[in-house]
Protein chains: 2
Amino acid sequence: MSEQGYRGPQVCKIVGITYRQLDYWARTDLLKPSISDARGSGTQRIYSYTDLLKLKVIKQLLDSGLSLKKARVALDVLSQYGEDPGSANLVMAGNQPVLVRSQDEIVDLVQRGQGVLSLVLPLSGVVKELNAAILEFAPPVDVEGEGEGSADAAPDDNATTDILKAGTGG
Amino acid sequence: MSEQGYRGPQVCKIVGITYRQLDYWARTDLLKPSISDARGSGTQRIYSYTDLLKLKVIKQLLDSGLSLKKARVALDVLSQYGEDPGSANLVMAGNQPVLVRSQDEIVDLVQRGQGVLSLVLPLSGVVKELNAAILEFAPPVDVEGEGEGSADAAPDDNATTDILKAGTGG
DNA sequence: CTGTGTGACTACACGCGCGTAGTTACGCGC
DNA sequence: GCGCGTAACTACGCGCGTGTAGTCACACAG
C-alpha cells in the first residue's frame, strides 16, 4: 500500500496558507506531517491527505476569527473521530469540540441555553474545497511505490500523477 | 429621565474583565462609554446598561476564542438592531453578523451549506448573567437625578441604590 | 558521484492585545 | 474651597503569530 504525500510548499498552495504558517504550526505541534517530518535542512515534510484536511479546517477556523489556541482544541476531536468527516459538522460548544452528525443536534445544543457555539463548521464543504484545490494546484507525490487502490489518499482522478513535474516547477 | 451609569472599575467587576481591557477597548473605539467619556486624568468613564451588555457580549466572544477584530464586526449588529436582544441569537455567518430570532433560521443557515457559523450566541443568557452580576457586585450610579421608571437601565430591583457606597469602598 | 535547486532552518522584526508601574488630576466628601 | 482617594493617563515590556531575509543541507537529476 503506497502512501501518497504532499510537500510543504505544495501544501501551502492547496490549503491557501503561507509557508511561514505551515512551518510554525509544525514546530509548535499544532499539526506535524504524519508521513514524514523534517530532519534538518534540506529534508522535506510530507503531508498526508488527512493532514491537508486538518490544515484546511485550521484555515477555516482562522478565517472565522478563532484563535490558534482554540484551533488546537478543535483539532483534537478530528484526530479522535478521524473517520469519514464528510457528513459531519465540527461544533464547538462551550469551548468543548464535538462532532455532530445531524442538524437537529445543533438546535438541541442551542436550545439547551447556556451553550455558546463558537463554531459550526460543515466538514463536507471543507472536503469539497480541498479536493478542488488539489486538482487545481497540485497532484500528490508517491513516496514508496505505485498503487491506486487507496480511496483515502486523493480525490477520484488517476490522471493526476502525470503532471507531477509540472507542479514542482511552478 | 435620569440616566444611570457605571464607572470603569465597577464595570470590570460586573463584566468580568480587567481594567486594562476596558481601557484599551475604549481607546481603540471598540466600545466607548455612551453616557460620559473620559476627558483627561481624574475624569470618569460612565457606562450605560446597554454598554454593559455589549461588553459582556465581547467577553463571551473572547472566551469563545474569537479575535477582537471579529468582535468589532459583531458589535456593529448589536448597535444597529439595538432593541430587546433578550430573545435573539447573535450569529456570525461567513464573517457577517446577523441577529436571528428563531432557532429554525440557524438550521437554515447551516443547511445552506457553505456557511461557516463562527458564532451562535444566545443573548438571553448574556442578559441573565449580566443582571445577576449587577446585583452581586454593584448597583448603578445616578448621574443626573433620581427616577425609577426606566426599565431599560437596570434589572427589577429598587433597593439596590442603598449599597452604593459599599460598592465604592471595594 | 557531483552539481543544483529547493525546502527546512535561523535570526530579526513587527503589530496586536494586554500586564505592570508610576504619574497626573479630577470628583467627592468634608 | 481643600485634601484625599481614585480613576484615567503614560511608558515600557511581554508573548503570540507571522513577515522577511539569508543560510544551510538534503533530494533528485545528470
Side-chain angles (χ1 to χ4, degrees), chain A residues 5-33 35-47 55 58-59 61-73 138 141-144 164-170, chain B residues 5-33 35-47 55 58-59 61-73 138 141-144 164-170:
Chain A
Y6 307 82
R7 294 167 302 178
Q10 288 285 42
V11 170
C12 296
K13 295 176 187 173
I14 296 174
V15 179
I17 59 178
T18 67
Y19 178 81
R20 201 64 186 77
Q21 288 179 300
L22 189 72
D23 184 49
Y24 181 76
W25 299 352
R27 292 175 187 277
T28 57
D29 290 347
L30 206 181
L31 185 72
K32 287 176 175 290
I35 296 184
S36 174
D37 202 354
R39 295 171 172 269
S41 298
T43 63
Q44 295 175 166
R45 298 191 178 101
I46 307 295
Y47 291 83
L55 289 170
I58 296 175
K59 178 181 165 49
L61 299 187
L62 294 187
D63 290 346
S64 300
L66 280 181
S67 63
L68 264 191
K69 193 158 293 188
K70 297 292 173 178
R72 291 177 197 274
V73 178
V141 167
D142 280 342
V143 288
E144 260 196 275
L164 188 149
K165 290 149 196 168
T168 4
Chain B
Y6 307 81
R7 293 167 301 180
Q10 287 286 39
V11 170
C12 296
K13 295 176 187 174
I14 296 173
V15 179
I17 59 178
T18 67
Y19 179 81
R20 202 61 187 77
Q21 288 179 299
L22 188 72
D23 184 50
Y24 180 76
W25 299 352
R27 292 175 186 275
T28 56
D29 290 348
L30 206 181
L31 184 73
K32 287 176 175 290
I35 296 182
S36 174
D37 202 354
R39 295 171 172 269
S41 298
T43 63
Q44 296 175 166
R45 298 191 178 101
I46 308 295
Y47 291 83
L55 289 171
I58 297 175
K59 177 181 166 49
L61 300 187
L62 294 188
D63 290 346
S64 301
L66 281 181
S67 63
L68 263 191
K69 193 159 292 187
K70 296 293 174 178
R72 290 176 197 274
V73 178
V141 168
D142 280 342
V143 288
E144 259 195 277
L164 188 148
K165 291 149 195 167
T168 4

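Sequence lines set the chain letters: A, B, ... in the order given, protein chains first and strands last, and positions in each chain run from 1.
Closest approach of B:Gly40 to B:Thr43, counting heavy atoms only: O-OG1, 2.6 Å.
At least one side-chain nitrogen or oxygen of A:Tyr24 sits closer than 4.0 Å to the OP1 or OP2 atom of D:dG17. The shortest distance between the side-chain N/O atoms of A:Thr43 and the OP1/OP2 oxygens of D:dA25 is not below 4.0 Å. Taking only side-chain nitrogens and oxygens, B:Trp25 comes nearer than 4.0 Å to OP1 or OP2 of C:dC18. Residue A:Arg72 has no polar side-chain atom (N or O) positioned under 4.0 Å from OP1 or OP2 of D:dC16. Residue A:Arg27 places at least one side-chain N or O closer than 4.0 Å to OP1 or OP2 of C:dC9.
Note on A:Leu30: nothing from the nucleic acid sits closer than 4.0 angstrom, heavy atoms only. Counting non-hydrogen atoms under 4.0 angstrom, A:Thr28 reaches nothing in the nucleic acid. A:Ser67 comes within 4.0 angstrom of no nucleic acid atom, judged by non-hydrogen atoms across all strands.
The distance from atom NZ of A:Lys59 to atom P of D:dT18 is 11 Å, rounded to the nearest whole Å. Atom CG of B:Leu62 is separated from atom C1' of C:dC16 by 13 Å (rounded to the nearest Å). Atom CG in B:Asp37 sits roughly 8 Å away from atom P in D:dC9 (whole-Å rounding). Atom CD1 in B:Ile17 sits about 13 Å away from atom C1' in C:dG17, given to the nearest Å. Atoms CG (B:Leu22) and C1' (C:dG19) sit 15 Å apart, rounded to a whole Å. The distance between atom OH of A:Tyr19 and atom P of D:dG19, rounded to the nearest whole Å, is 13 Å. In this structure, A:Tyr6 places its OH atom 20 Å from C1' of C:dT6, rounding to the nearest Å. With rounding to whole Å, B:Ile58 atom CD1 is found 12 Å from C:dG17 atom P.
Among A:Tyr19, A:Trp25, A:Tyr24, the one residue that satisfies the side-chain contact (heavy atoms from CB on, under 4.5 Å) test with A:Gln21 is A:Trp25.
Between B:Thr18 and B:Gly42, the residue anchored closer to the 5' end of DNA chain C is B:Thr18, taking for each the nucleotide with the nearest heavy atom. For B:Gly8 and A:Gly40, each mapped to the nucleotide of DNA chain D holding its nearest heavy atom, the one lying further toward the 5' end belongs to B:Gly8.
Of the listed nucleotides (C:dG7, C:dT20, C:dC28), C:dT20 has the atom at the smallest distance from the side chain of B:Arg20. When distances run from any side-chain atom of B:Gln44 to the nucleotides D:dT18, C:dA8, C:dC28, the shortest one goes to C:dC28. Among D:dA8, D:dG19, C:dC18, the nucleotide with an atom closest to any side-chain atom of B:Ser41 is D:dA8. Taking the side chain of B:Asp23 as heavy atoms from C-beta on, and the options C:dG7, D:dT10, C:dC18, the nearest nucleotide is D:dT10.
Side-chain contact check for A:Tyr47 versus A:Ile35: every heavy-atom pair is 4.5 Å or farther apart. Between B:Tyr6 and B:Ile46 the shortest side-chain heavy-atom distance does not fall below 4.5 Å. Side-chain atoms of B:Leu66 and A:Lys70, non-hydrogen and from C-beta on, never get closer than 4.5 Å to each other.
Base pairing of C:dC30 is made with D:dG1, judged by Watson-Crick or G-U wobble geometry with both donor-acceptor distances under 3.5 Å.
With respect to the salt-bridge test (charged N to carboxylate O, under 4.0 angstrom), the residues B:Asp23 and B:Arg45 qualify.
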